[in-house]
K.L.:
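Sharing a structure below in structure tokens format, with a few things to ask.
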Amino acid sequence: MPELPEVEVVRRGLVTHVVGRRITRVDVGRERTVRRTSRQAVIDGLTGHTLTGAGRRGKYLICPLDSGDAVMIHLRMSGQLRLAPAGSARPAHTHVAMSLSGGEELRFVDPRTFGEVVVFDPARADLEVPELARLGPDPLEDGLTAAGLQAVMAGRARPVKALLLDQHAVAGLGNIYSDEVLHAARLRFDRPAGSLQPRQVADLHHAIVEILNAAIEAGGSTLADAQYVGLSGQPGRYQHQHQVYGREGAPCPRCGPRSSVTRARYGGRSTFFCPRCQR
DNA sequence: CGATCTACCTGATGGC
DNA sequence: TGCCATCAGGTAGATC
């Protein structure tokens, strides 16, 4: 599932392959993908225009257009952006297809249709994409510091994992990376956030930055369901470095055979941790 | 404020 | 072979 590293890999792909190329034609299949506005608004907002950049905040892609508008793309659970030769067979669940000058097509493919494509006026962002303003700091884009993380955690009774997953607290972590980060920082998912010692917050901050950067370097994580691949269809490689996520029953990489990775249910989702070294 | 639940949606997988 | 239940999880919103 796309979290910050996967979205960042896609963003970089857009910078390399899409920014600066004119969108000559737009097809919108399923209306649900453009539900925020309308089919026509997305077609009109993109056709004949060019992405002048590609930005990211948390898991949101935000690309300015030469019209003065911007396009926001959120992959949610199963969305993919794929670049392919024009005229090649479109994958199932291709909901938006943008023909680019130069003969390729940028496709938004999303089996579960949770994802979104929105063209909006940045001057009206508060009205049209209000969630962007509510995002917490992006650990990489906004230079989140240990002190900044401390401010997020301080005095909170909520489990530390709940805060890591809360995009209003910190933007970009999802279920996979929050489990990995907590393992690296030796913290249990259900530790009250406010109970962390300054040293532990510093460790957590360090783990967040290190793991997100390492995952980006590795091209993101592609799980068995292959829900995430990059712009050119390339899978990520960071799943091979996962220490706990999806590894129930395996020996803890830090404790060895003395402890095995345990799966718990937290907030309706799977949580993987080592009961020995995470406290 | 927060905990918990639900909705949204499809595909893969496991049990029988 | 099919059928049904379950799981995957990002985010918003309702409810207590």
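Residue numbers begin at 1 in each chain, while the letters A, B, ... track the order of the sequences. Both backbone and side-chain heavy atoms feed into the values below; hydrogens, waters and symmetry mates do not.
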K.L.:
A:N175 CG to C:dA8 P: how many Å, rounded?
P.N.:
9 Å

K.L.:
Over how many whole Å does the gap from A:R32 atom CZ to C:dT11 atom P extend?
P.N.:
14 Å

K.L.:
List for me each residue that meets ring-ring contact (aromatic ring centres under 6.0 Å, His included) alongside A:H183, sequence neighbours excluded, and say none if there are none.
P.N.:
none

K.L.:
How many whole angstroms separate atom CG of A:L173 from atom C1' of C:dT11?
P.N.:
15 Å

K.L.:
Output the pairing pattern of DNA chain B as a dot-bracket string, 5' first, Watson-Crick or G-U wobble with both distances under 3.5 Å, | for cross-strand pairs, [ ] for crossing pairs.
P.N.:
.|||||||.|||||||

K.L.:
So which atom in A:L231 and which in A:L14 form the shortest heavy-atom distance, rounded to 0.1 Å?
P.N.:
CD2-N, 3.6 Å

K.L.:
Between residues 263-275 of chain A and DNA chain C, which residues have a heavy-atom gap below 4.0 Å?
P.N.:
A:R263, A:R265, A:R269, A:S270

K.L.:
By the salt bridge (Lys or Arg N to Asp or Glu O under 4.0 Å) test, which pairs, at least two apart or in different chains, include something from residues 250-276 of chain A?
P.N.:
A:E248-A:R263

K.L.:
Could I get the full list of side-chain contact (heavy atoms from CB on, under 4.5 Å) partners for A:A202, not counting sequence neighbours?
P.N.:
none

K.L.:
Just list the side-chain donor-acceptor pairs under 3.5 Å for residues 210-221 of chain A, sequence neighbours left out, or say none.
P.N.:
from	atom 1	to	atom 2	distance (Å)
A:N213	ND2	A:V209	O	3.1
A:S221	OG	A:Y177	OH	2.7
A:S221	OG	A:H242	NE2	2.8

K.L.:
Earliest and latest nucleotide of DNA chain B, 5' to 3', sitting under 4.0 Å from a non-hydrogen atom of chain A?
P.N.:
B:dG2 to B:dG11

K.L.:
Using the ring of each side chain (for Trp, its six-membered ring), is A:Y60 parallel, tilted or perpendicular to A:H74, with breaks at 30° and 60°?
P.N.:
perpendicular

K.L.:
What distance, rounded to whole Å, do you find between the two P atoms, one in B:dC5 and one in C:dT6?
P.N.:
16 Å

K.L.:
Can you list everything that forms a ring-ring contact (aromatic ring centres under 6.0 Å, His included) with A:F272? Sequence neighbours excluded, please.
P.N.:
A:Y245

K.L.:
Charged N to carboxylate O under 4.0 angstrom, A:E141 versus A:R56?
P.N.:
yes

K.L.:
Scan side-chain atoms only and decide if A:T52 and A:D66 contain a donor-acceptor pair under the 3.5 Å cut-off.
P.N.:
no

K.L.:
Roughly how many Å apart are C:dG13 and B:dC9, using the P atom of each and rounding to a whole number?
P.N.:
16 Å

K.L.:
Write out a two-atom table: protein N or O, nucleotide N or O from nucleotides 12-16 of chain C, distance below 3.5 Å.
P.N.:
none

K.L.:
Quick one: salt bridge (charged side-chain N to carboxylate O under 4.0 Å, His left out) partners of A:D27, sequence neighbours excluded?
P.N.:
A:R25, A:R90

K.L.:
For the hydrophobic clusters of this structure (ILVMFWY residues joined by side-chain heavy atoms under 4.5 Å, transitively), does one cluster hold both A:I62 and A:L65?
P.N.:
no

K.L.:
Quick one: side-chain hydrogen bond (donor to acceptor under 3.5 Å, both in side chains) pairs with a partner in residues 95-104 of chain A, sequence neighbours left out?
P.N.:
A:R21-A:E104

K.L.:
By salt bridge (charged side-chain N to carboxylate O under 4.0 Å, His left out), which residues pair with A:D203, not counting sequence neighbours?
P.N.:
A:R199

K.L.:
Between A:H74 (NE2) and C:dG10 (P), how many Å, whole number?
P.N.:
9 Å

